[in-house]
Amino acid sequence: PILTSSSLCALILFDLFICFIALFYLFRDGHKFKQKLIAISPLSDQYDDTIIHKLQNTVSTVFRGVIVVAVIQATLAGFGFAIFGVPNPALWGSVAVVAALVPGIGTALVMIPGILFLLFTGHVGAAIGLTLWAVLAVGLIDNFLGPILIERGVKIHPFLILLSALGGLSFFGPVGFLAGPVVLSLLFALFDVYPSMLKRD
């Protein structure tokens with residue numbers, strides 16, 4: 001079935017709500033989950049600690065990267081609004097910070113209304129200019145800068161991180177923006193400990 005815009009927004013909000021609830025319990029009971037996972041894992045505690053440390057580093061790096069990219073996107077969106085004559089560019093740039101944190105949609109939640117405002121008020125040239133600015137300056141930052149920032153922390157090639165984020169979004173929904181890189185990091189963590197396991201055997 002084809003989702004309407006309202007049902008799509010409701011689905012995204014529901015996924016984000018579930019994500020925040022899951023994060024709350026992970027922050028509160030994360031140490032208990034860690035101890036239980038180590039207890040039931042067939043690997044030695046040394047390998048478990050290595051894998052868990054890599055996953056913790058990945059989650060922390062992804063969150064920091066998302067925040068930095070959101071601020072940069074919002075700044076560029078605010079400049080675009082100021083350049084092309086959208087009223088209150090600082091206000092809408094601030095709103096763009098929050099919008100940029102919504103996976104899959106991001107700053108489009110703010111940029112599209114700005115473009116429509118210019119179009120309906122007769123500023124066709126400015127609307128076209130803001131559209132190009134939104135696509136080339138604001139939109140592409142997420143695809144290029146995000147993987148580079150995450151790569152510095154997790155030491156995985158930016159292209160693989162980009163693929164994991166896009167694949168996570170398509171498979172898991174909005175939560176996949178975080179889940180994709182985490183699954184990729186888990187795979188590389190297993191690759192790291194596997195040679196040591198072979199030498200030990």
Side-chain angles (χ1 to χ4, degrees), residues 1-21 23 61-153 157-181:
I2 299 176
L3 294 176
T4 63
S5 58
S6 59
S7 60
L8 180 60
C9 290
L11 181 61
I12 292 174
L13 290 175
F14 178 76
D15 286 344
L16 288 175
F17 174 75
I18 296 298
C19 179
F20 287 134
I21 293 296
L23 285 175
T61 302
V62 169
F63 270 116
R64 289 199 302 268
V66 167
I67 296 298
V68 171
V69 170
V71 172
I72 294 175
Q73 282 187 305
T75 303
L76 290 174
F79 277 128
F81 290 146
I83 292 171
F84 295 103
V86 176
N88 301 315
L91 171 62
W92 293 114
S94 301
V95 175
V97 175
V98 180
L101 297 176
V102 180
I105 300 179
T107 52
L109 288 172
V110 179
M111 301 302 295
I112 291 177
I115 294 169
L116 293 177
F117 169 80
L118 293 175
L119 190 62
F120 291 146
T121 54
H123 301 85
V124 178
I128 295 174
L130 185 58
T131 301
L132 294 175
W133 180 270
V135 173
L136 299 178
V138 181
L140 292 182
I141 284 292
D142 187 26
N143 294 330
F144 288 102
L145 185 58
I148 292 174
L149 292 175
I150 296 174
E151 183 268 341
R152 291 181 178 179
H157 195 279
F159 181 67
L160 295 178
I161 296 173
L162 175 61
L163 290 180
S164 68
L166 295 177
L169 284 172
S170 63
F171 190 80
F172 297 107
V175 182
F177 187 82
L178 174 63

Grab the two heavy atoms, one from [X] and one from [Y], that are nearest each other, plus how far apart they are.
{"X": "Val138", "Y": "Ala77", "value": "CG2-N, 3.9 Å"}
{"X": "Gly114", "Y": "Phe81", "value": "CA-CE2, 4.3 Å"}
{"X": "Thr107", "Y": "Gln73", "value": "CG2-CB, 4.0 Å"}
{"X": "Ala82", "Y": "Pro89", "value": "N-CB, 3.6 Å"}

**Prompt:** Would you say the side-chain atoms of Trp133 pair up with the backbone N or O of Leu76, donor to acceptor, closer than 3.5 Å?
**Reply:** yes
**Prompt:** Of the options Thr131, Leu130, Ile128, which is the one that meets Leu118 in a side-chain contact (heavy atoms from CB on, under 4.5 Å)?
**Reply:** Leu130
